[in-house]
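One structure is given below, encoded as structure tokens.
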Amino acid sequence: MRTSQYLLSTLKETPAHAEVISHQLMLRAGLVRNVASGLYTWLPTGLRVLRKVEQIVREEMTKAGAIETLMPMVQPADLWQESERWEDYGPELLRLQDRHERSFVLGPTHEEVITSIIRNEVNSYKQLPLNVFQIQTKFRDEIRPRFGVMRGREFLMKDAYSFHITDECLKKTYQTMFDAYCRIFDRLGLDFRPVVADNGSIGGEGSHEFHVLADSGEDDIVFSDSSEYAANIEKAEALAPVGERPHGTQSIKEVATPDAKTIDAVATTLNIAVNQTVKTLLVQGATEDHPVIALVVRGDHQLNEVKAENLPQISSPLTFVTEEQVQQTVNCNIGSIGPIGLSIPVIVDRSAAHLADFVCGANKDGFHYTGVNWDNDLSNYTVADIRNVVEGDPSPCGKGKIVIKRGIEVGHIFQLGNKYAKAMNCGVLTESGKNQTLTMGCYGIGVSRIVAAAIEQNHDKYGIKWPKAIAPFQAAIVPMNMAKSERVKETAENLYKQLTSVGIDVLFDDRKERPGVMFADHELIGTPILLIVGERNLDDNKIEVKNRITGEKSLLDITDALSLFD
RNA sequence: CGGUGAUUAGCGCAGCUUGGUAGCGCACUUGGUUUGGGUCCAAGGGGUCGCAAGUUCGAAUCUUGCAUCACCGACCA
């Protein structure tokens, strides 16, 4: 490709609205342009990267036995009604109508479509297992799109769905996919970790996320400092404190805490440590019998909403109660709620349940209790793990302490079970001639997000430093003063012909620009190898080679140029 | 959806307090100059100042409403 016939679209200045480095560099290097909130055009350079990522994913999926299809982005509402996600999915699902006023959705994912295909096309156990994938545009009407293509509303995703008769067979394919994902992210040149994950709204059991480690990540990943354990914080278990609960020595006492509306203020007022207090949160219950549930965590801990939501008593999604419900239930403001004397179910976090002589709200504005002890002062409660782990906690794997890092989720694999197959009546005849509902797995990779994640991990102050496998061009030819030197021009042209004739993806910078401008552009775009042609070295028949990753420069015989691409 | 802030040329910004002919840098066009790290000089093109209404002789500037965008919180590849 010649720059004179290409749309380079590089920018000298950083657009004001781009916050994270990958978004800034994607705009500056001319990879994408914003069209509307969460919607992007992929410019030629960006598309090249996207296609390379896509191709690696495709190759490894195929190698792992999956077969490619392409499903429509627009899907009929009846399929979603069948799976009951028409009601469950919420406003993230963009719904629309055609001219006949029939309802459709823009596909945020494709379980419904693929399940309906398989139930029609597959009738016998002999045709299974089957693993089908596609690389396709998804649409999710995110509440808040952000960070460029990292969380766009429209994005490119590889999604695969496997179908099985037995859970053993599903587990086998799941493991195959796990291994394929590791190969994919290795080939992409990313520093990644598979982590144990919650299944979320898709349901089922058994799930791993693949995270690219980067400070700008939106997820907290929990590691053990002395084992291979890694999990999303949503999933990481907070172990119960070891040993017996200390014996209380105090008796309950009501104390005035005027103006102390937060845990910190209460602790300061009473001159005690935050971890000797508990906070009580009121959330919606799952049943009409118990519309409000009290959750109790230690003052210095955070509620883990996913863990809470997974408890059967609690409504999903987790919803905090309204002001009115607070008044009806405890007749005081949020800052003074406590677990004592409530007529609603009380669920206490393991760490909070280990406290003795602690402080809690008195359900009376401006008052707290001190010297509170479980079983003495209240007995009607249950204990569960409902908090986020914090750094220094013992690792759930039993070895070492917890360390927390930020990650960008680029892949997620699930064992779905029969949720969709059952709802949509997808089964086959078994060997014994009986109908058997299938069990499913699903496996996603955020293709467009990978492009952003790769930049987050590979950049410097000059621009992007692409891993070789996904660089938009393998190399760039940068001639010095081609307009003035016939010799430079001829050499550069010949080099370009030679490289392109053997299929090397090279960008020939034939603009009439000063060297500095060209260097700056190619470093911004992140081309791994610059081939610099100048008068300076032509007497010796040499060109200069500059490596974008290492910064190393060296001289090379022109005739050896091909050796760079072995 | 709640909170915060923004909207003036393709991009980055000033002007608004105190109303009076819309400006700077980059980019773009033309000519020259320079040529191994974003040269320099000169001339030039480009803006319904987000939209609407109001106040006023007069609004980018003041008032009100709306829209869009971004950031912080709950969802997810």
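Predicted, not measured: the structure shown is a model, and the values here were computed from it. Below, chain A is the first sequence line, B the second, and so on; all start at residue 1.
Contact annotation: A/Arg151 does not reach the phosphate of B/rA77 (side-chain N/O to OP1 or OP2, under 4.0 Å). Taking 4.0 angstrom as the limit, A/Thr109 places none of its side-chain polar atoms (N or O) nearer than this to OP1 or OP2 of B/rA77. Within the 4.0 Å cut-off from OP1 or OP2 of B/rU39, at least one side-chain nitrogen or oxygen of A/Arg514 is found. Phosphate proximity of B/rG73 to A/Arg146: present, with a side-chain N or O under 4.0 Å from OP1 or OP2.
Residue-nucleotide stacking is present for A/Phe155 and B/rA77, judged by a side-chain ring centre under 5.5 Å from the six-membered base ring centre and planes under 30° apart.
For B/rC24, the paired base is B/rG12 (Watson-Crick or G-U wobble, both distances below 3.5 Å). If you check B/rG58 for Watson-Crick or wobble pairing at under 3.5 angstrom, you find it has no partner at all. Pairing of B/rA42, defined by two Watson-Crick or G-U wobble distances under 3.5 Å, is identified with B/rU30. Pair check for B/rG36 finds none; no Watson-Crick or G-U wobble contact set falls under 3.5 Å. Across all strands shown, B/rC72 is found opposite B/rG2 as a Watson-Crick or G-U wobble partner, with both distances under 3.5 Å. Across all strands shown, B/rG65 forms a Watson-Crick or G-U wobble pair with B/rC51, both key distances being under 3.5 Å.
As judged by a 4.0 angstrom heavy-atom cut-off over every strand, A/Val410 is placed among residues touching the sugar-phosphate backbone only. The residue A/Pro145 sits close only to the backbone: its heavy atoms come under 4.0 Å of sugar-phosphate atoms, none of a base. Residue-level contact check: A/Met480 touches the bases, meaning some heavy atom is under 4.0 Å from a base atom. Heavy atoms of A/Ile532 sit under 4.0 angstrom from at least one base atom. Using a 4.0 Å heavy-atom criterion, one finds that A/Met482 contacts no nucleic acid atom at all. At a threshold of 4.0 angstrom between heavy atoms, the contacts of A/Gly148 with the nucleic acid are absent. In this structure, A/Asp219 reaches the bases: a heavy-atom distance under 4.0 Å links it to at least one base atom across the strands shown. Residue A/Glu305 is in sugar-phosphate contact alone, with no base atom involved, counting any heavy-atom pair closer than 4.0 Å across all strands shown. A/Lys553 comes within 4.0 angstrom of no nucleic acid atom, judged by non-hydrogen atoms across all strands.
Atoms OH (A/Tyr462) and C1' (B/rG38) sit 12 Å apart, rounded to a whole Å. For A/Glu19 and B/rG12, the CD to P distance is 13 Å, given to the nearest whole Å.
Map A/Gly411 and A/Arg28 each onto its nearest nucleotide of RNA chain B; the residue landing nearer the 5' end is A/Arg28. Nucleotides of RNA chain B nearest to A/Glu218 and A/Ala520 differ in position, and the one nearer the 5' end is that of A/Ala520.
As rounded to the nearest Å, B/rA53 and B/rG58 have P atoms that lie 15 Å from one another. B/rU68 and B/rG31: their C1' atoms are spaced 42 Å apart (whole Å). B/rG10 and B/rG45 have their C1' atoms separated by 13 Å, given to the nearest Å. Atom name C1', nucleotides B/rU7 and B/rA52: the rounded distance is 16 Å, in whole Å. As rounded to the nearest Å, B/rG47 and B/rC11 have C1' atoms that lie 14 Å from one another.
Put simply, the side chain of A/Glu535 and the base of B/rG36 share no donor and acceptor less than 3.5 Å apart.
Aromatic rings from A/Tyr161 and A/Phe414 are positioned such that their centres are separated by 6.0 Å or more.
Using a 4.0 Å cut-off between charged side-chain N and carboxylate O, A/Asp460 and A/Arg548 make a salt bridge.
Using a 30° and 60° split on the angle between ring planes, A/Tyr89 and A/Trp80 fall in the perpendicular class, above 60°. Using cut-offs of 30° and 60° for the angle between ring planes, the A/Phe210 and A/Tyr181 rings count as tilted.
The backbone N or O of A/Gln134 sits nowhere less than 3.5 Å from a side-chain atom of A/Thr69 that would complete a donor-acceptor pair.
Just one of A/Trp466, A/Phe508, A/Tyr496, A/Tyr6 meets the ring-ring contact (aromatic ring centres under 6.0 Å, His included) condition when paired with A/Phe473; it is A/Tyr6.
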